[in-house]
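Some notes on the structure that comes next.
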Amino acid sequence: QVQLVESGGGLVQAGGSLILSCVASGPTFGSYAMAWFRQAPGKEREFVAVIRWNGGITSYADSVKGRFTISRDNAKNTVYLQMNRVKPEDTAVYYCAGSTLYTRAKSVPTVDYWGQGTQVTVSS
């Protein structure tokens, strides 16, 4: 069983930056693909970014491409989401997710593990 705990959310002005962290428990973190999703009020949870187990492959939603960067440190069991040039439409609860396969980590129905979420609010 893998447990995921996010941190780093908060209030930030449009155009600013924020970094989210997700610490995973368990010895198998290094073998999991990890991802970030977000859910805005009244909307469905959506994919943001994913990173392969060794960090060699990443993928992003078009809405964040060029502004957000996903990375991981397997020695620290941690995955990060660097958010730059944030916009009010980035306001959402951000969830860390993990899956045994890279392709499974990109889709809500096939994610194996979820964190509890951290709120990000971008003011205009």
Minimum side-chain heavy-atom gap [X]-[Y] below 4.5 Å:
{"X": "Q116", "Y": "E6", "value": "yes"}
{"X": "R67", "Y": "Y60", "value": "no"}
{"X": "L4", "Y": "W114", "value": "no"}

Just checking E46: does its CD atom have more than 12 heavy atoms from other residues, nucleotides or ligands closer to it than 6.0 angstrom?
yes

State whether the number of non-hydrogen atoms from other residues, nucleotides or ligands found under 6.0 Å of K43 atom NZ is greater than 12.
no

Do [X] and [Y] belong together in a cluster built from hydrophobic side chains that touch within less than 4.5 Å?
{"X": "I57", "Y": "I51", "result": "no"}
{"X": "F37", "Y": "M83", "result": "no"}
{"X": "V120", "Y": "V64", "result": "yes"}
{"X": "V111", "Y": "F47", "result": "yes"}
{"X": "V23", "Y": "M34", "result": "no"}

Measuring from [X]:[atom1] to [Y]:[atom2], what's the distance to the nearest 0.5 Å?
{"X": "R45", "Y": "S107", "atom1": "CZ", "atom2": "OG", "value": "12.0 Å"}
{"X": "Q82", "Y": "L20", "atom1": "CD", "atom2": "CG", "value": "9.0 Å"}
{"X": "Y102", "Y": "S59", "atom1": "OH", "atom2": "OG", "value": "4.5 Å"}
{"X": "T78", "Y": "F29", "atom1": "OG1", "atom2": "CZ", "value": "6.5 Å"}
{"X": "L81", "Y": "R72", "atom1": "CG", "atom2": "CZ", "value": "13.5 Å"}

Checking one residue: I19. Which other hydrophobic residues are in its cluster under the side-chain 4.5 Å linking rule?
Y80

F68 and V48: which non-hydrogen atoms are nearest, and at how many Å?
CD2-CG1, 3.9 Å

I70 versus A35, closest heavy-atom pair with distance:
CD1-CA, 4.2 Å

Polar side-chain atom of R85 near backbone of G66 as donor-acceptor pair, under 3.5 Å
yes

side-chain hydrogen bond (donor to acceptor under 3.5 Å, both in side chains) pairs touching residues 11-32, sequence neighbours excluded, are S17-N84

Side chains of residues 91-101: which donor-acceptor pairs under 3.5 Å do they make with residues two or more places apart or in other chains?
| residue | atom | partner | partner atom | Å |
| --- | --- | --- | --- | --- |
| T91 | OG1 | P88 | O | 2.9 |
| T91 | OG1 | V122 | N | 2.9 |
| Y94 | OH | R38 | NH1 | 3.0 |
| Y94 | OH | D90 | O | 2.6 |
| S99 | OG | D112 | OD2 | 3.0 |

